[in-house]
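The analysis underlying the following values was restricted to heavy atoms, covering all of them including side chains, and did not include hydrogens, waters or symmetry mates.
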2 protein chains.
Amino acid sequence: MDENCTVYKTVNVLSKKWNLLIIQSVYKSKNYTKRYTEIKKDLAEITPKILSQRLSELEQEGLITKEIDSSKVPIKSFYTLTNSGRELINVVKGMKNWGLKWKFPSDACERTRCRNCRL
Amino acid sequence: MDENCTVYKTVNVLSKKWNLLIIQSVYKSKNYTKRYTEIKKDLAEITPKILSQRLSELEQEGLITKEIDSSKVPIKSFYTLTNSGRELINVVKGMKNWGLKWKFPSDACERTRCRNCRL
DNA sequence: CCGGATCCTCTGCGATACTG
DNA sequence: CAGTATCGCAGAGGATCCGG
């Protein structure tokens, strides 16, 4: 495998820590949009620095868009999945189904819409 | 999302650096079996320490099995995908198809069996 | 209050060399 | 051939601070 291979490059982008969980967190929300603080609350263990870094990278990669409402205080940031970002949910679902089958069976997650992951 | 969620735990295992590429490298081989040096050659940029670490972890996770032929020198190690490891190829394929569509189009990889990734 | 930025610490990846 | 030993450094994590 050389570094020009699509698989190689894609895996390196997607398997960067937190990326798929951020995508999934935003995907769960209405209109595929979430605020910075909501994502941070959803991914309890992520630190603000890392979340900012990842969101910025995902924006540059074209997987999410950012909008800022500074019309009134407090200023609010909204992050929305692009079309490409939305389609990534299939990858997350693939991982979930594999995990349910082979590693981490969970009654809660078996349901079509788990309370945690909503997939 | 709490840390008991199947999605959370599964993503953390699978998105660890090199894991999916190792799985895919072994998957491409006859009988889903590859030797240490062959994997290292296939993933040119991986270092021996990291490859050893990852293989050991993947073995503990039950995704690969290891067999050593020490009957004659040089000693040879064989790594084989388990059933759960084989099924992970669907996740890799999902990533590949997403990457082809949105990020890294490639004529070579578009073919059903790319010379590099064989997926 | 919200959305970060800053500073510091520390795990863990990467590179090179070496060995049973 | 299939790894280990050692070292250096980037990036993840933790705590705190700050402008709007």
Side-chain angles (χ1 to χ4, degrees), chain A residues 1-3 8-9 11-26 29-30 33-61 64-81, chain B residues 1-3 8-9 11-23 25-26 29-30 33-61 63-81:
Chain A
M1 174 169 323
D2 68 83
E3 63 285 349
Y8 184 84
K9 291 189 286 190
V11 169
N12 273 341
V13 170
L14 298 185
S15 70
K16 196 154 186 177
K17 189 162 188 181
W18 293 113
N19 272 358
L20 285 177
L21 292 175
I22 291 171
I23 295 284
Q24 189 233 6
S25 173
V26 179
S29 305
K30 198 179 178 184
T33 296
K34 233 187 189 111
R35 288 173 46 198
Y36 179 88
T37 309
E38 295 175 314
I39 304 173
K40 196 150 76 62
K41 187 181 171 192
D42 200 31
L43 308 178
E45 295 173 1
I46 201 170
T47 60
K49 186 184 70 172
I50 301 298
L51 180 53
S52 293
Q53 276 183 16
R54 290 293 164 275
L55 286 171
S56 169
E57 293 162 10
L58 290 172
E59 190 185 3
Q60 289 191 1
E61 299 273 359
I64 58 172
T65 56
K66 177 180 183 179
E67 254 179 298
I68 303 182
D69 176 11
S70 51
S71 64
K72 41 183 172 300
V73 284
I75 293 172
K76 297 179 180 179
S77 296
F78 298 90
Y79 294 93
T80 306
L81 291 186
Chain B
M1 174 170 322
D2 69 84
E3 65 284 349
Y8 183 84
K9 290 189 288 187
V11 169
N12 274 341
V13 170
L14 297 185
S15 71
K16 195 155 186 177
K17 189 163 188 182
W18 294 112
N19 273 355
L20 285 177
L21 292 175
I22 290 171
I23 295 286
S25 174
V26 179
S29 306
K30 198 179 176 185
T33 297
K34 234 188 190 112
R35 289 173 47 198
Y36 179 89
T37 309
E38 296 176 313
I39 303 173
K40 196 150 77 62
K41 187 181 171 191
D42 198 32
L43 307 178
E45 295 173 0
I46 201 170
T47 59
K49 186 183 71 171
I50 301 299
L51 181 53
S52 292
Q53 276 184 16
R54 290 292 164 275
L55 286 171
S56 168
E57 292 162 9
L58 291 172
E59 191 186 2
Q60 288 192 0
E61 299 273 0
L63 307 194
I64 59 172
T65 56
K66 178 181 183 179
E67 254 179 297
I68 303 181
D69 176 11
S70 51
S71 63
K72 40 184 173 298
V73 282
I75 293 173
K76 297 179 180 179
S77 294
F78 298 90
Y79 294 92
T80 305
L81 291 187

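- A:Arg54 has a carboxylate O that lies under 4.0 Å from a charged side-chain N of A:Glu57, or vice versa, which qualifies the two as a salt bridge.
- Atoms CD1 (A:Ile39) and C1' (C:dG4) sit 13 Å apart, rounded to a whole Å.
- Residues A:Leu55 and A:Ile22 meet the side-chain proximity criterion, which asks for heavy atoms closer than 4.5 Å.
- Between C:dC13, D:dC1, D:dA12, one nucleotide has an atom nearer to the side chain of A:Gln53 than all others, and that is D:dA12.
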Atom pairs under 3.5 Å: protein N/O with N/O of nucleotides 5-10 of chain C:
none

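- Rounded to whole Å, atom P of D:dG14 lies 14 Å from atom CG of A:Leu43.
- Checked by atom type, the side-chain pair A:Ser15/B:Ser15 shows no donor-acceptor distance below 3.5 Å.
- Atom CG in A:Leu14 sits 9.5 Å away from atom CG in B:Leu20 (nearest 0.5 Å).
- Here D:dT4 presents its C1' atom at 13 Å from CD1 of B:Ile50, a figure rounded to the nearest Å.
- The CG atom of A:Leu21 sits 14 Å away from the P atom of D:dA12 (whole-angstrom rounding).
- Candidate nucleotides D:dC1, D:dG3, C:dG4 were compared by shortest atom distance to the side chain of A:Tyr36, and C:dG4 ranks first.
- A sub-4.0 Å separation between OP1 or OP2 of D:dA15 and a side-chain N or O of A:Thr47 is absent.
- Looking at which nucleotide of DNA chain D each of A:Val73 and A:Lys16 is closest to, the 5′-most match is held by A:Lys16.
- Taking atom CG on A:Leu51 and atom P on C:dG4, their separation rounds to 8 Å, with Å as the unit.
- Counting any heavy atom pair closer than 4.0 Å across all strands shown, A:Phe78 reaches no nucleic acid atom.
- A close approach under 4.0 Å does not occur between any side-chain nitrogen or oxygen of B:Lys17 and OP1 or OP2 of D:dA10.
- Closest approach to the A:Trp18 side chain among D:dG3, C:dC13, D:dG13 is made by D:dG13 (side chain taken as heavy atoms from C-beta onward).
- No contact: A:Lys72 has no heavy atom under 4.0 Å from any strand.
- B:Trp18 has its side chain within reach of B:Ile50: a pair of non-hydrogen atoms, C-beta onward, lies under 4.5 Å apart.
- B:Lys66 comes within 4.0 angstrom of the backbone, heavy atoms only, and of no base.
- Rounded to an integer number of Å, the gap from A:Lys40 NZ to C:dC1 C1' is 12 Å.
- Applying the side chain to side chain donor-acceptor pair (under 3.5 Å) definition to pairs two or more places apart or across chains, those involving residues 66-77 of chain B are B:Asp69-B:Ser71.
- For the pair B:Arg54 CZ and D:dT4 P, the computed distance is 14 Å after rounding to whole Å.
- Whole-Å rounding puts the A:Ile75 CD1 to C:dG4 P distance at 10 Å.
- With no hydrogens or angles considered, no side-chain donor-acceptor pair links A:Gln24 and B:Tyr8 at under 3.5 Å.
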